[in-house]
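Report on the following structure.
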Protein chains: 2
Amino acid sequence: MSTPDRLIESTRELLWERGYVGTSPRAIQQRAGAGQGSMYHHFSGKPDLALAAITRTAEEMRAGVEEILGGPGTAVERVSAYLRREREVLRGCPIGRLTQDPDVMADPALRRPVEETFAWLRDRLAEVLAEGRDLGELDAGLDPGATAATIVAVLQGGYVLARAAGTPEPFHQAVEGVLALLSHP
Amino acid sequence: MSTPDRLIESTRELLWERGYVGTSPRAIQQRAGAGQGSMYHHFSGKPDLALAAITRTAEEMRAGVEEILGGPGTAVERVSAYLRREREVLRGCPIGRLTQDPDVMADPALRRPVEETFAWLRDRLAEVLAEGRDLGELDAGLDPGATAATIVAVLQGGYVLARAAGTPEPFHQAVEGVLALLSHP
DNA sequence: GTCTATAGTGTGATAGAC
DNA sequence: GTCTATCACACTATAGAC
């Protein structure tokens with residue numbers, strides 16, 4: 001792995017664990033096994049590195065979601081598979097957590113990938129839900145856009161509950177709760 | 001307002017806006033109009049002040065919730081009122097955001113009020129939902145615990161979506177989405 | 001490309017005068 | 001109780017040698 005790649009990977013991990021404010025260039029360098037000069041040679045500074053890290057994380061997340069939502073199965077099956085997919089629940093969502101970082105949200109360049117990822121995710125889920133509704137798999141009165149927002153919110157909020165509780169259990173409860181509401185009627 | 005009170009209020013605001021890592025004693029003092037000596041006279045340091053601030057916020061939140069959930073109306077009416085209550089959506093949840101702060105979660109004293117607040121909230125909502133189910137207002141097969149987790153997660157995740165989008169709209173969509181699922185069958 | 005040296009600022013806290 | 005002075009350290013970045 002090249003030095004720039006190692007720096008980006010270090011930044012990704014630290015942004016996930018400690019957020020943007022809590023991540024220092026020094027910590028990034030140490031984790032990557034790179035010196036200061038090296039880091040500032042490849043990147044203009046902390047924001048530049050963070051942009052590379054966030055962009056890469058957003059791309060990976062999108063690909064992972066599309067693998068499930070664009071795969072085989074009925075609409076409800078695909079949504080269920082997405083909700084029940086294995087996750088490192090207590091680590092939280094690497095994109096969602098950036099949302100709480102004022103310095104990220106204040107920088108348009110850093111904010112864009114966060115905004116776009118969630119917009120895409122909601123749209124993609126809404127498409128699948130609309131498909132399920134049109135095929136009679138879901139209630140005819142179901143609002144795909146609102147329900148998609150609910151589902152994404154359950155995941156993001158599930159992470160919050162799990163971290164508060166110190167266990168993944170409330171995350172899984174929240175997921176099963178919304179699936180029961182979705183499938184039951 | 002006394003100096004200790006002003007310091008606590010400053011800390012509450014800054015924890016909400018910038019989180020624990022992003023909040024410096026200096027910023028707290030400046031916002032409170034207090035000097036360093038004054039701050040360290042009344043509090044032993046940043047963690048001590050944060051504990052006072054978090055405790056106060058948790059107490060207020062609990063009282064606000066109980067006012068609605070313990071008020072008049074059917075179970076669904078009270079849950080709807082709680083979900084639709086006016087909120088400063090883009091500011092996020094002052095307790096939920098602490099969940100993303102590794103230094104808060106690493107300190108058992110700071111973590112406890114966060115953990116207890118969410119545990120209480122889920123239990124309280126589950127009670128109301130069980131009541132609604134037992135009175136035939138909600139589906140007989142509804143799981144109160146899981147559904148309560150779902151509802152709290154929708155709120156917490158709604159904040160995340162709203163901040164990502166830069167507008168409160170997805171928060172309201174998520175809320176209406178879950179209410180539709182809850183009331184429809 | 002990578003290194004070390006250095007700078008300027010902020011952090012979190014203590015000391016001791018008033 | 002509140003003030004100013006001071007501390008040791010970390011942060012983010014630049015300079016210039018190698």
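The structure presented is a predicted model; accordingly, all values stated were derived computationally and were not measured. Below, chains carry the letters A, B, ... as their sequence lines are ordered, and counting in each starts from 1.
Contacts between chain B and DNA chain D, taken as any atom within less than 4.0 angstrom of a protein heavy atom, begin and end at D:dG1 to D:dA5.
Here C:dG10 presents its P atom at 16 Å from CG of B:Leu14, a figure rounded to the nearest Å.
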Practice task
Any chance you could lay out the side-chain hydrogen bond (donor to acceptor under 3.5 Å, both in side chains) test for A:Arg97 and A:Tyr159, step after step, and finish with the verdict?
Solution key: CA-CA 10 Å; A:Arg97 85 143 290 156; A:Tyr159 288 123; over 6 Å; no
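Separation of atoms CG (A:Leu15) and CZ (A:Arg18) is listed at 11.5 Å; rounding is to 0.5 Å.
A donor-acceptor pair is defined here as one N or O able to donate and one able to accept, closer than 3.5 Å; such a pair exists between the side chain of A:Arg163 and the backbone of A:Leu90. The main-chain N or O of B:Leu14 is found under 3.5 Å from a side-chain atom of B:Thr23 such that the two form a donor-acceptor pair. In this structure, B:Glu137 contributes its side chain and B:Ala75 its backbone to a donor-acceptor pair below 3.5 Å. In this structure a side-chain-to-backbone donor-acceptor pair under 3.5 Å is missing from A:Arg31 to A:Ser10.
Using a 4.0 Å cut-off on heavy atoms, the residues of residues 16-29 of chain A that approach DNA chain D are A:Thr23, A:Ser24, A:Pro25, A:Arg26, listed by number. Against DNA chain D, the stretch residues 5-13 of chain B makes no heavy-atom approach under 4.0 Å. Looking at residues 32-50 of chain A, you'll see A:Gly35, A:Gln36, A:Gly37, A:Ser38, A:His41, A:His42 sit with a heavy atom under 4.0 Å from some atom of DNA chain C.
Using a 4.0 Å cut-off between charged side-chain N and carboxylate O, A:Arg12 and A:Glu60 make a salt bridge. Note on A:Glu9 versus A:Arg56: salt bridge recorded, some NZ/NE/NH1/NH2 to OD/OE distance being below 4.0 Å. Taking a cutoff of 4.0 Å between a charged side-chain nitrogen and a carboxylate oxygen, A:Glu127 and A:Arg124 qualify as a salt bridge.
Here B:Glu59 pairs with B:Thr55 under the side-chain contact (heavy atoms from CB on, under 4.5 Å) rule; sequence neighbours left out.
A 6.0 Å sphere centred on CZ of A:Arg91 holds more than 12 heavy atoms belonging to other residues, nucleotides or ligands.
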Side-chain donor/acceptor pairs under 3.5 Å, residues 165-179 of chain B, sequence neighbours excluded:
residue  : atom : partner  : partner atom : Å
B:Thr167 : OG1  : B:Glu169 : N            : 2.9
B:Gln173 : OE1  : A:Arg122 : NH1          : 2.9
B:Glu176 : OE1  : B:Arg84  : NH2          : 2.7
B:Glu176 : OE2  : B:Arg84  : NE           : 2.9

